Amino acid sequence: MHKIMVARNRFILLLVVGALLAVLSLSLQFLHLIPTTPLKEVQQHAKSRRITVPIPYTEPPVLDPIYEAYAYCNIPNRTEHSWEGHSPPDYKLLSVQVMIRHGDRYPLYSIPKTKRPAIDCTLVPNRKPSHPRLAAFISHMSKAERGQWDSAMSAIPRLPSHTVCEMGELTQTGIVQHLHNGQLLHDTYIKKHKLLPNNWGSKHLYIESTRKSRTLQSGLALLYGLLPEFDWQKVNVRHQWSTIFCSGSCDCPMRNHYLEEEQRRQYNLRVKNTLLEQTYMEMAKIVGVPTRQLRAANPIDSLLCHFCHNITFPCTQNGCISLKHFSVIKAQQLEDKKDRHEKKLYYKYSLLATHPFLNQTIARMQRIAQGRKDELFALFSAHDVTVAPLLSALGLSEARFPRFAARITFELWKGAKDKNDLYVRILYNGEDVTFFTSFCQTHSRHSGPGLCPFKKFLNFVRRDMFAIFNSTNYFDACHRRIL
Ligand SMILES: *[C@@H]1O[C@H](CO)[C@@H](O)[C@H](O)[C@H]1NC(C)=O
Ligand SMILES: *[C@@H]1O[C@H](CO)[C@@H](O)[C@H](O)[C@H]1NC(C)=O
Ligand SMILES: *[C@@H]1O[C@H](CO)[C@@H](O)[C@H](O)[C@H]1NC(C)=O
Ligand SMILES: *[C@@H]1O[C@H](CO)[C@@H](O)[C@H](O)[C@H]1NC(C)=O
C-alpha cells in the first residue's frame, strides 16, 4: 500500500514538473524572451518567390498553443499578403466564390460566477482597431432598408450596437477584419481583374448568410470592402438555415452517424488526458462550482475572448485562472486535431456534410463556363462548423482551425485554348492551397499553368469524394448501412 502511494506521488510529481517546464517555455515565448517562429519571415520568404508557387501554410512543426491562439484571434495589426487573383498572364478570371467565418465575436458562454469580459460592441471609428472605411461603412449600413431582404433576415440588426456586448455579438474587431478582407478582394478582383462589369446588377452577386447577426454583419462588412458604397437595390441577402449550407439536400443519416462517432472519439481522448482533467478541477475550485458545471460552460471560448482582447483572465478570492490553464486546454485541442485526422471519422462526416455545398459550387462554375453571366461573385457567410468540414473534405487536414474572419476562396479561370480550357484555384486565408487538396495533389504544378484543371475538381465532387464509402454518389453514401 505504502509503496503504491509513493509510486503514485512520484508519478504525480513528474507530471507536475513536466507541466511546469512546458508552461515555463510557453510563458517565455509569450513574453518574447525566446523567439517563436516569426510570421514575418514566412511572408518575406514568400514575397521573393514566383507567384504561381503556393506558400507553405503549415509553419511550426511543433504546435505552440500560444502561437496558435494568436493565429486564431487574427488581430488586425499587420498587413497580410494575399494570393487571390494571381495567375499566369493570358488566363481570364471567370468567377469567384468565397466562404467566410464571421469575425471576432463576444463569447457564446460565460464562466460561472465570474465577471464577463468588458467589451464594448458599439462601433467607434477612432477606437482601435479601426479601418479607414469604418465610418463610411457605418453610415452606409443605416440605409440598409433600401435593399431586398429575405423575410427571415429583415429583422436582424445590420450593425453591432451594445455598449456591453451581448453573447455572440460581433465586435468592432470583427467588422474591421472583414472590411480588410473585402478591401483585399476589391483590389484584386474588382480593380485588377474587373470581375464585375461596370454597371453590375443584382444578378451578378449571390449572397447567403445564416440567421445570426454576426454572420450577416460580417458578410455586409466584406461586401462593403469589396464594393464600397454599393447600391442597396442591387443587393439581396438570402437566408441559409443550415449551418453546413446543405440547402435542400440535408437528409443524410450516415452523416449523423459519423458525427456521433466523432463525438465519442473526442470524449474518449479527452478523459484520457489527466493533465486536462486536473486543470478543469483547479479552475472549478477557483471559480467555486463543480468541475462538471465548469466544463459544460466551455471556458476556453470565454478565455479566448480574454486572450484576443488582452483582458486579464478572471480572478476570485480563491485565485486566478491563468495562462497555464489556458495553454493546457489549447494544447489538448491541438492533440485532438491530430487524433481526429488519424481516426478519419470527422473526414467522413465532412465529405457528406459538404457535398451539397460543393455540388452547388461546381454547378455555379459550370453555368458560368457555359457563358451565363450570373452570380460572378458569390459570398457565403458562415461559422467555424461550416468552414472546418469544408477544409477537411477538400483534404486540407494540415490547415489551421478556422480563425476569426477566415475565408476559403474558389476561383474559376479560363485558359487561352478553347471554352473547355478551365481551371480552379483554391485559397485559404489568402494562401494558395490548390495543390494541397486531395484531388489536385498528384497534379504537377510544374507541368501546367500552375492551376488545377477544373475537371479534377468536378470529378471529385461528382464521384470520387464517395470512394471512401465504396460508393459513387451522395444518396447511396448517405443511406448505406455499415455491416
Ligand atoms: C500583432 O499582435 C500580436 C499579439 O499581440 C503580436 O504577437 C504581434 O507581434 C503583433 N504584430 C505586429 C506587426 O505588431
Ligand atoms: C495588454 O495589456 C497590458 C496591460 O494590461 C499592456 O501593458 C500591453 O501593452 C497590452 N498589449 C497590447 C498588445 O495591447
Ligand atoms: C447536384 O447538382 C445537380 C445540378 O447541378 C443536381 O441535379 C443534384 O441534385 C445535386 N445533388 C445534390 C446531392 O445536391
Ligand atoms: C469498402 O469495401 C472494403 C473492401 O470491400 C471494406 O474493407 C470497407 O470496410 C468498405 N467500406 C465501407 C465504408 O463500407
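Here the structure is a predicted model, which means the values were calculated and not measured. Whatever order the structure lists ligands and atoms in, that order sets their numbers, starting from 1.
Below 4.0 Å from some heavy atom of Tyr474 lie the following atoms of ligand 3, by number and element: 13 (C). The contact set between ligand 3 and His355, taken as ligand atoms under 4.0 Å from a residue heavy atom, comprises 13 (C). Against a heavy-atom cut-off of under 4.0 Å, Asn359 is close to the following atoms of ligand 3: 1 (C), 2 (O), 3 (C), 8 (C), 10 (C), 11 (N), 12 (C), 14 (O). Short contacts between ligand 3 and Ser249, defined as distances under 4.0 Å to a heavy atom of the residue, involve ligand atoms 12 (C), 14 (O).
The neighbour count for Arg367 CZ, taken as heavy atoms of other residues, nucleotides or ligands under 6.0 Å away, is above 12. Within 6.0 Å of OH on Tyr109 lie no more than 12 heavy atoms contributed by other residues, nucleotides or ligands.
Taken to the nearest 0.5 Å, the CZ atom of Arg214 stands 11.5 Å off from the CG atom of Asp104. How far CG of Leu451 is from CG of Asp421: 9.5 Å, rounded to the nearest 0.5 Å.
Protein heavy atom nearest atom 5 (O) of ligand 3, with residue, atom name and distance: Ala363 CB, 3.5 Å.
Assignment of Gln366 to the shell around ligand 3 is not supported, since no heavy atom sits closer than 4.0 Å.
Taking 4.0 Å as the cut-off between side-chain N and carboxylate O, Glu282 and Lys285 do not count as a salt-bridged pair. Ionic pairing of Glu80 and Arg403 is present here: one or more N-O contacts between side-chain nitrogen and carboxylate oxygen are shorter than 4.0 angstrom.
Of the protein's heavy atoms, at least one falls inside 4.0 Å of atom 12 (C) of ligand 3. Distances from atom 7 (O) of ligand 3 to the protein include no heavy-atom value under 4.0 Å.
Between the side chain of Thr122 and the main chain of Thr163, no donor-acceptor pair closer than 3.5 Å is present.
Contacts between Gln360 and ligand 3 below 4.0 angstrom, taking non-hydrogen atoms only, are absent altogether.
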